[in-house]
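By convention in this document, chain letters (A, B, ...) are assigned in the order of the sequence lines, proteins followed by strands, and residues within each chain are numbered from 1. Computed from a prediction, not measured in an experiment: that's the story for all the values here.
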Number of protein chains: 2
Amino acid sequence: MEVRTLARRGATPSRADESAETRQAILRAARELFMANGYRAVSTRQIADACGLTQPALYRHFSDKQELYAAVLEEELDTMRLGLERIHARNLGIAEQLRQVIRFMPTTRQDLAQMFHDIAHELDQETHARLQVAFERSMIAPLAAIFADGIHNGVLRDPAHGGVPPVAAAYLLLGMLQRPTGHTDRERGGLASLEQRAEMIVSMMLHGLLASDARDNTAAGHTTGSRDT
Amino acid sequence: MEVRTLARRGATPSRADESAETRQAILRAARELFMANGYRAVSTRQIADACGLTQPALYRHFSDKQELYAAVLEEELDTMRLGLERIHARNLGIAEQLRQVIRFMPTTRQDLAQMFHDIAHELDQETHARLQVAFERSMIAPLAAIFADGIHNGVLRDPAHGGVPPVAAAYLLLGMLQRPTGHTDRERGGLASLEQRAEMIVSMMLHGLLASDARDNTAAGHTTGSRDT
DNA sequence: CCTACCGATCGGTAGG
DNA sequence: CCTACCGATCGGTAGG
């Protein structure tokens with residue numbers, strides 16, 4: 001939106017072009033800093049430094065820190081939505097779709113949990129509500145659509161027969177996408193590489209952890225009653 | 001540790017008693033604030049106010065803000081460890097153990113994700129390493145022990161035969177324990193109540209989401225290839 | 001354990 | 001878009 005002057009190609013850019021470019025530079029710097037460190041840990045001066053501006057210059061493009069953060073998040077969520085909808089549209093079978101979702105998500109967004117916290121705790125009520133809606137539309141809805149398809153196809157268990165509702169499945173998958181901890185790549189039980197991680201999550205989500213002979217003993221959700229040896 | 005004077009019961013408390021009580025009051029106030037809002041969002045003055053002290057008085061009991069936070073977390077992690085080990089010791093069958101874990105965890109700790117972030121990003125290298133170890137010993141190890149038992153009992157699939165390693169399963173379960181989002185109790189696909197939540201997580205972790213007739217088609221982890229209708 | 005106070009840093013504004 | 005600067009708040013210290 002608001003891209004008027006594409007007339008003079010290669011000519012000296014108009015003031016509007018320059019302003020738009022500066023705005024983009026700010027958004028890019030802010031995205032990197034906010035995503036890595038969270039809302040509170042990033043100062044407006046750091047963002048300005050990262051794109052060669054003075055701190056007060058930011059306020060020419062964004063009314064305050066919160067609005068800048070909201071703009072970053074809305075851009076980020078839009079990228080997610082596009083990627084997830086693209087994966088969904090490919091209809092490849094649930095296992096492969098989930099694998100692609102898992103590979104796609106963490107590259108765009110390192111620390112999902114931090115984002116949730118900031119949305120819920122660092123913004124005023126109005127901005128919070130706005131971003132909450134964007135989050136549900138961009139992440140929950142596309143993921144839930146994938147699970148809903150699986151149910152309608154009969155590949156996944158229906159919620160009416162002990163299955164998990166699509167929206168709930170979306171939230172649980174999102175939870176598992178958060179990286180184990182810190183960045184010490186020690187023993188994570190094989191969760192180190194993205195590929196292993198994807199396989200484990202898909203395997204657990206679709207097949208469960210039960211051994212085949214133990215299956216359908218506990219179908220109603222009661223005690224398994226297994227003892228030692 | 002360091003509880004010397006239990007001699008005079010009911011008498012005027014010694015200075016050491018008073019000091020220990022003050023320390024506990026600080027820890028209690030700090031725990032509530034840190035757990036609800038995160039490390040950075042809580043000021044030392046807020047903590048002092050919450051227990052009727054002036055801010056500099058905190059430094060009689062803790063060398064700095066970071067040490068106070070570390071003390072809170074270590075106490076919290078210890079509570080977790082005790083609870084999880086108790087559940088494990090009950091050996092009730094994997095389904096019931098998981099249910100109890102899910103019911104136990106969020107009451108003690110509302111926002112696990114925030115804790116991870118603070119440990120990784122807000123503390124110096126030394127404190128980070130110390131708490132990382134405590135976290136793995138208090139949360140990952142007990143959870144992994146539950147899954148390891150299940151594998152040894154033959155209830156859970158062995159990692160050598162497509163199962164998920166215990167430590168990886170522990171991390172995935174932890175991820176799913178984080179509450180959906182904010183505190184708007186709207187549509188969460190049935191994840192609203194703790195009890196429903198527990199049932200869904202257990203059902204997905206143990207049985208998977210696949211419909212029974214679709215099972216073992218995708219066992220090797222390749223495409224399911226389901227199309228519409 | 002209090003009063004008083006420190007330097008640093010924060011988000012944001014004035015004025016050009 | 002810059003310089004200069006604001007009040008507020010931060011974690012922590014001095015000194016008693």
Side-chain angles (χ1 to χ4, degrees), chain A residues 12-31 33-34 36-73 118-119 121-128, chain B residues 12-31 33-34 36-73 118-119 121-128:
Chain A
T12 55
S14 73
R15 255 142 250 156
D17 287 343
E18 277 187 42
S19 180
E21 271 175 45
T22 305
R23 196 191 144 92
Q24 283 308 310
I26 294 171
L27 279 171
R28 206 180 321 123
R31 190 184 66 231
L33 287 164
F34 280 138
N37 305 105
Y39 182 72
R40 249 189 147 86
V42 174
S43 75
T44 51
R45 278 167 182 85
Q46 284 174 52
I47 297 169
D49 285 353
C51 47
L53 292 174
T54 59
Q55 182 249 10
L58 297 182
Y59 293 83
R60 296 246 119 219
H61 300 271
F62 301 93
S63 63
D64 57 17
K65 187 187 181 185
Q66 190 180 163
E67 276 309 306
L68 170 54
Y69 183 66
V72 165
L73 243 53
D118 288 342
I119 290 178
H121 290 86
E122 308 282 11
L123 310 176
D124 65 31
Q125 183 57 38
E126 190 184 306
T127 315
H128 169 112
Chain B
T12 55
S14 74
R15 255 143 248 158
D17 286 343
E18 278 187 42
S19 179
E21 270 176 46
T22 305
R23 194 191 146 93
Q24 284 307 311
I26 295 171
L27 279 171
R28 207 180 321 122
R31 190 185 66 231
L33 286 163
F34 280 139
N37 305 106
Y39 182 72
R40 249 189 146 87
V42 174
S43 76
T44 51
R45 277 166 182 85
Q46 284 175 54
I47 298 168
D49 285 353
C51 48
L53 291 174
T54 59
Q55 182 249 11
L58 297 182
Y59 293 83
R60 296 245 118 219
H61 300 271
F62 301 93
S63 63
D64 56 18
K65 187 187 182 185
Q66 191 180 163
E67 276 310 306
L68 171 53
Y69 183 66
V72 165
L73 243 54
D118 288 342
I119 291 178
H121 291 85
E122 308 283 12
L123 311 176
D124 67 32
Q125 182 59 38
E126 191 184 306
T127 314
H128 169 112

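Nucleotide C/dC10 holds its C1' atom 14 Å from the CG atom of A/Leu58, rounded to whole Å. We find that CD of A/Gln55 is positioned 15 Å from P of D/dA4, with the value rounded to whole Å. The OH-C1' distance, from B/Tyr59 to D/dC10, rounds to 9 Å in whole Å. Whole-Å rounding puts the B/Leu33 CG to D/dC10 C1' distance at 16 Å. When rounded to the nearest whole Å, the span between CD1 of A/Ile47 and P of C/dT9 equals 17 Å. Atom pair B/Glu67:CD and D/dG11:P shows a separation of 15 Å (rounding to whole Å applied). Going from atom CG of B/Leu68 over to atom P of D/dG12 covers 10 Å, rounded to whole Å. Regarding B/Glu21, its CD atom lies at a distance of 16 Å from the C1' atom of C/dC1, rounded to whole Å.
In DNA chain D, stems built from 3 or more consecutive Watson-Crick or G-U wobble pairs, each with both distances under 3.5 Å, span C:1-16 with D:1-16.
When heavy atoms are screened at a 4.0 angstrom cut-off, A/Thr54 is found touching base atoms of the nucleic acid.
For B/Arg31, the side-chain contact (heavy atoms from CB on, under 4.5 Å) partners are B/Arg28, B/Met35, B/Val72, B/Glu75, B/Glu76, not counting sequence neighbours. The side-chain contact (heavy atoms from CB on, under 4.5 Å) check on B/Glu18 picks up B/Pro13, with sequence neighbours excluded.
Look at B/Thr44 and you'll find a side-chain N or O under 4.0 angstrom from OP1 or OP2 of D/dG11.
Atom-to-atom distance recorded for A/Tyr69:OH and A/Thr127:OG1 is 11.5 Å, nearest 0.5 angstrom. Residue A/Glu122 holds its CD atom at 12.5 Å from NE2 of A/His128, rounded to the nearest 0.5 Å.
Across the interface with DNA chain C, nearest-nucleotide mapping of A/Ser63 and B/His61 shows B/His61 to be the residue nearer the 5′ end.
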Distances under 3.5 Å between protein N/O atoms and the N/O atoms of nucleotides 6-8 of chain D, please, pair by pair.
none

List every contact pair, protein side and nucleotides 14-16 of chain D side both N or O, where the distance is under 3.5 Å.
none

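Taking only side-chain atoms of A/Leu53, from C-beta outward, the nucleotide of D/dC2, C/dG12, D/dG12 with the closest atom is D/dC2. Of the candidates D/dT3, C/dC1, C/dG12, C/dC1 carries the atom nearest the B/Thr22 side chain, counting heavy atoms from C-beta on.
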What donor-acceptor contacts under 3.5 angstrom involve side-chain atoms of residues 46-65 of chain A, with partners at least two apart or in another chain?
unit_1	atom_1	unit_2	atom_2	d
A/Gln55	NE2	A/Thr44	OG1	3.0
A/Asp64	OD1	A/Gln66	N	3.4
A/Asp64	OD1	A/Glu67	N	3.0
A/Lys65	NZ	A/Tyr39	O	3.1
A/Lys65	NZ	A/Val42	O	2.9

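When every heavy atom of B/Ile119 is checked against every heavy atom of B/Leu123, the shortest pair comes out as CA-CD1, 3.9 Å.
A 4.5 Å side-chain heavy-atom check between A/Leu68 and A/Leu27 finds at least one atom pair inside the cut-off.
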